[in-house]
Amino acid sequence: MTSIWSWLHDISVAGKYGLLEVLGESEDGAFFRTSFGPEGQTAALKLISESSHAASEEQLRLWRIAAQISHPNVLRLLDYGRTEIEGNAFLYAVFEFPDDSLASALGRGPLTPEETRDVLVAALDGLRHIHSQGLVHGAVDPKHVVAVGNQIKLSTDTLRLPSRDATTAEDIRALGALVHQLITGRRPLAAASSSDLLSIPEPFRSVCQHCLAHDPNQRWSLAEIAAALNSPPPPTVAPAKPAKKTPAVSSRPFPKWIFVATPLFLVALVLLFRAIKPKAETPPPPPAPVAHASVAPKAAPSRNWRVIAYTYSRRAEAEKRAQSINRKWSAAQAEVLGPASAKRAAYLVALGGPLNRDEAQRFLKLARSRGMPRTSYIRSDTP
């Protein structure tokens with residue numbers, strides 16, 4: 001189906017933002033893929049027709065406030081303003097481009113408690129900062145929880161000033177509904193009943209119960225939710241021995257923006273690559289004679305180190321990430337390394353090409369400063 005906004009394809013907004021692709025639309029506007037800044041980083045541009053927007057000045061004022069927000073769990077608003085296209089007046093806002101949304105992850109099924117905790121912690125931090133700026137989010141739902149790299153963020157295109165219908169208490173209720181959906185795969189119809197919460201583990205059961213209270217005054221504050229998350233978990237019975245196989249089996253791929261941020265998986269992957277060659281049955285060879293020790297420092301450092309930024313279970317996803325990185329930062333030289341074992345296929349997105357250890361350490365610091373995940377690490381190709 002042809003979009004009613006497709007006529008704007010390849011048109012420049014404000015003389016600096018080319019509209020490259022329609023990403024989504026509503027009655028009064030649409031989102032487009034565009035590029036931002038001297039390096040041409042991918043961004044999302046929201047275009048609103050002023051003729052159908054009764055509160056243009058209020059919208060610009062909201063964007064003015066949102067543009068000042070700088071928080072790791074809030075999507076950045078990079079630019080905004082007014083423009084005219086072929087005699088028609090529009091408002092525009094340019095946002096940091098999300099790599100994924102929670103809605104697409106939920107399309108593969110409910111999240112695990114660990115993944116739910118990651119989302120909830122990020123949403124709490126983002127909401128706390130938004131509320132401190134005198135704003136409410138207004139749409140805490142899977143469509144508006146996104147990921148940039150492995151950083152979970154709240155979108156900013158729905159921010160608004162508090163009103164009778166948009167309150168911090170309503171953000172709390174929406175957060176409880178989100179947690180319910182993450183764990184169960186469905187949104188609650190109303191205030192969650194006791195029977196509806198029985199299948200939800202703690203502390204998420206308490207979070208849902210208190211955030212979805214019918215009386216806004218009875219709902220938990222953000223601080224109370226955070227306290228519940230930090231409380232000691234209830235004692236559990238040790239699983240039977242056969243249950244040890246469970247962590248190694250997954251009925252669906254993890255959401256990529258959580259999957260790549262799992263430190264335990266990264267550690268396991270390093271061990272996997274080091275296990276390519278079978279363990280030698282004979283003891284290792286003796287060290288070189290002392291007479292040759294003075295020669296070793298003169299040898300050129302081995303260039304077999306890599307900076308690993310992301311890990312995927314599917315090659316297509318890894319290649320998509322590598323291409324995205326290279327578009328934003330050509331010096332990254334991102335490439336995909338194949339799996340070390342056919343039994344446990346894992347694809348790595350490596351940066352910088354083959355390096356020696358010192359170069360890899362320096363490039364790792366540079367990569368992190370350019371927005372690569374804090375969980376990025378270096379490894380040697382030599383087992």
Side-chain angles (χ1 to χ4, degrees), residues 5 17-26 29-37 39-48 63 66-67 69-80 92-108 111 115-116 118-127 129-130 137-159 174-175 178 181-182 253-261 309-310 312 314 316-329 334 349 370-375:
W5 294 87
Y17 302 117
L19 304 182
L20 307 177
E21 176 187 2
V22 180
L23 301 174
E25 59 187 77
S26 60
F31 274 96
F32 295 83
R33 181 170 60 85
T34 188
S35 59
F36 175 83
E39 294 186 356
Q41 72 180 79
T42 302
L45 185 145
K46 185 175 186 179
L47 201 61
I48 299 175
W63 284 345
I69 294 178
S70 177
H71 189 277
N73 300 118
V74 179
L75 198 70
R76 287 189 300 149
L77 196 165
L78 306 170
D79 193 12
Y80 67 93
Y92 71 90
V94 182
F95 298 91
E96 189 176 14
F97 194 85
D99 297 309
D100 201 358
S101 74
L102 191 55
S104 68
L106 282 174
R108 300 187 284 272
L111 302 191
E115 292 170 331
T116 299
D118 287 342
V119 173
L120 183 52
V121 168
L124 280 173
D125 287 347
L127 277 180
H129 190 74
I130 289 170
H137 188 271
V140 184
D141 58 44
K143 291 182 180 179
H144 295 92
V145 178
V146 300
V148 177
N150 68 341
Q151 190 73 50
I152 303 171
K153 302 191 177 194
L154 295 176
S155 65
T156 43
D157 62 293
T158 62
L159 298 186
L175 186 62
L178 176 66
Q181 186 173 2
L182 296 184
F254 287 160
K256 63 183 180 182
W257 39 282
I258 297 176
F259 178 70
V260 299
Y310 295 94
Y312 292 98
R314 298 179 182 178
E317 292 180 349
E319 291 177 344
K320 181 178 178 181
R321 171 66 68 180
Q323 292 168 5
S324 175
I325 293 173
N326 288 331
R327 282 196 300 269
K328 299 176 183 178
W329 181 29
V349 178
R370 295 296 298 264
M372 294 297 107
R374 304 303 299 175
T375 52

### Message
Just so I know, are the side chains of Leu19 and Leu47 near enough to count as touching, which here means a heavy-atom distance under 4.5 Å?
### Response
yes

### Query
With a 4.5 Å limit on heavy-atom distance, are the side chains of Pro72 and Gln151 in contact?
yes

### Query
Would you say the side chain of Glu96 lies within less than 4.5 Å of the side chain of Phe36, judging by non-hydrogen atoms?
no

#### Entry: Point-to-point distance, once rounded to the nearest 0.5 Å, from OG1 of Thr42 to CG of Leu20
8.5 Å

### Query
Which heavy-atom pair separates Glu39 from Lys328 by the least distance, and what is that distance?
OE1-O, 3.4 Å

### Query
Between Ala309 and Pro373, what is the shortest heavy-atom contact and its length?
O-CG, 3.6 Å

### Query
Looking at Leu182, Ile152, Leu75, which hits side chain to side chain contact (heavy atoms under 4.5 Å, CB included) with Val145?
Ile152

#### Entry: Interatomic distance, Lys46 atom NZ to Leu23 atom CG [nearest 0.5 angstrom]
12.5 Å

### Query
Side chain of His137, backbone of Ser155: donor and acceptor closer than 3.5 Å?
yes

### Task
Report the relative orientation of the aromatic rings in Phe31 and Phe95; use parallel for angles under 30°, tilted for 30 to 60°, perpendicular for over 60°.
tilted

### Query
What pair of heavy atoms forms the shortest contact from Tyr92 to Tyr17, and how long is it?
CE1-CE1, 3.9 Å

### Query
To the nearest 0.5 Å, how far apart are OH in Tyr310 and CZ in Arg321?
4.0 Å

### Summary
Contacts of Arg327 meeting salt bridge (Lys or Arg N to Asp or Glu O under 4.0 Å) (sequence neighbours excluded), chain-then-number -> none

### Query
Out of curiosity, Ile130 CD1 to Thr156 OG1, how far, rounded to the nearest 0.5 Å?
8.0 Å

### Message
Nearest 0.5 angstrom please: Leu106 CG to Leu102 CG, how far?
### Response
4.5 Å

### Query
Do any N or O atoms from the side chain of Asp99 and from the backbone of Gly149 form a donor-acceptor pair under 3.5 angstrom?
yes

### Task
Would you indicate whether the side-chain heavy atoms of Phe97 and Arg33 approach each other to under 4.5 Å?
yes

### Query
About how many Å separate NZ of Lys320 and CZ of Arg314, when rounded to the nearest 0.5 Å?
12.0 Å

